[in-house]
K.L.:
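My questions will all concern the structure given below.
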Amino acid sequence: MIVYKWKITETVIEGGVLKRLKYWCQGADGSNVVETEGNWTMRNPYQINDNTSEEQVSQWLDVDATQDGKHLIKYRLQEQLDALRSAKSTKPPWAVETYKVTI
């Protein structure tokens with residue numbers, strides 16, 4: 001199960017309505033961690049007031065970023081975690097061979 005952590009780092013509010021925001025998100029599955037950040041233009045209007053919390057804005061982003069049942073941000077983080085789990089490490093072709101001398 002992936003655990004997501006959200007931070008809202010900037011907001012653009014016009015007339016008391018959240019228009020855009022900048023976010024940071026981390027997805028962790030226990031052994032792997034990936035992060036992303038980006039800008040999001042809200043498709044749905046959400047009223048902001050003095051009692052609005054970062055958690056509320058994160059939830060609004062969560063709803064707003066879901067299109068056709070697929071969360072666009074979480075989907076990309078899931079792809080990265082899947083790639084890390086299935087990755088087999090290979091030496092890059094430019095890496096220099098190292099030798100160990102034992103006496």
Side-chain angles (χ1 to χ4, degrees):
M1 180 175 138
I2 301 174
V3 176
Y4 296 98
K5 290 182 185 177
W6 293 90
K7 290 200 183 299
I8 306 303
T9 57
E10 292 179 29
T11 58
V12 175
I13 301 165
E14 296 174 358
V17 175
L18 178 63
K19 297 292 186 175
R20 290 181 299 284
L21 58 85
K22 186 173 181 178
Y23 66 87
W24 169 88
C25 184
Q26 178 186 75
D29 67 0
S31 57
N32 295 303
V33 177
V34 293
E35 298 176 356
T36 189
E37 64 181 351
N39 296 290
W40 190 264
T41 300
M42 301 301 285
R43 295 179 298 133
N44 299 305
Y46 292 98
Q47 291 291 321
I48 298 287
N49 60 44
D50 292 340
N51 297 321
T52 302
S53 67
E54 182 178 16
E55 184 178 338
Q56 281 178 296
V57 175
S58 296
Q59 290 172 352
W60 295 340
L61 173 59
D62 204 30
V63 170
D64 210 67
T66 302
Q67 296 179 9
D68 299 323
K70 182 163 91 172
H71 193 290
L72 302 176
I73 299 166
K74 289 180 180 178
Y75 179 75
R76 292 297 180 194
L77 290 171
Q78 173 72 53
E79 281 184 331
Q80 292 176 40
L81 286 169
D82 291 344
L84 287 173
R85 281 192 296 268
S86 65
K88 295 185 178 25
S89 181
T90 57
K91 183 176 60 170
W94 58 87
V96 177
E97 289 287 332
T98 58
Y99 297 96
K100 192 184 250 186
V101 177
T102 55
I103 300 178

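Worth saying up front: this structure is predicted, and the values here are computed from it rather than measured.
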K.L.:
Can you list everything that forms a salt bridge (charged side-chain N to carboxylate O under 4.0 Å, His left out) with E79? Sequence neighbours excluded, please.
P.N.:
R76
K.L.:
Please confirm whether the backbone N or O of C25 pairs with a side-chain atom of T36, one donor and one acceptor, at under 3.5 Å?
P.N.:
no
K.L.:
Less than 4.5 Å apart, any side-chain heavy atom of R20 and any of N39?
P.N.:
no
K.L.:
For a 4.5 angstrom cut-off between non-hydrogen side-chain atoms, does T41 reach K19?
P.N.:
no
K.L.:
Measuring from atom OG1 of T66 to atom NZ of K74, what distance do you get when rounded to the nearest 0.5 angstrom?
P.N.:
7.0 Å
K.L.:
Side chain of N44, backbone of D64: donor and acceptor closer than 3.5 Å?
P.N.:
no
K.L.:
Between D68 (side chain only) and K70 (backbone N and O only), is there a donor and an acceptor less than 3.5 Å apart?
P.N.:
no
K.L.:
Kindly indicate, with the supporting measurements, whether the criterion side-chain contact (heavy atoms from CB on, under 4.5 Å) is fulfilled by Q47 and V17.
P.N.:
CA-CA 5 Å; Q47 291 291 321; V17 175; 3.1 Å; yes
K.L.:
Does a sphere of radius 6.0 Å around CG in D50 hold more than 12 heavy atoms from other residues, nucleotides or ligands, not counting ones at 6.0 Å or beyond?
P.N.:
no
K.L.:
When clusters are formed from ILVMFWY side-chain contacts under 4.5 Å, directly or step by step, what else is grouped with Y4?
P.N.:
I2, W6, I8, I13, L18, L21, Y23, V34, W40, M42, Y46, I48, V57, W60, L61, V63, L72, I73, L77, L81, L84
K.L.:
Count the heavy atoms of every other residue, nucleotide or ligand shown that sit under 6.0 Å from CD of E55, and state whether that count exceeds 12.
P.N.:
no
K.L.:
State the NZ-CD distance between K7 and Q26, to the nearest 0.5 angstrom.
P.N.:
9.5 Å
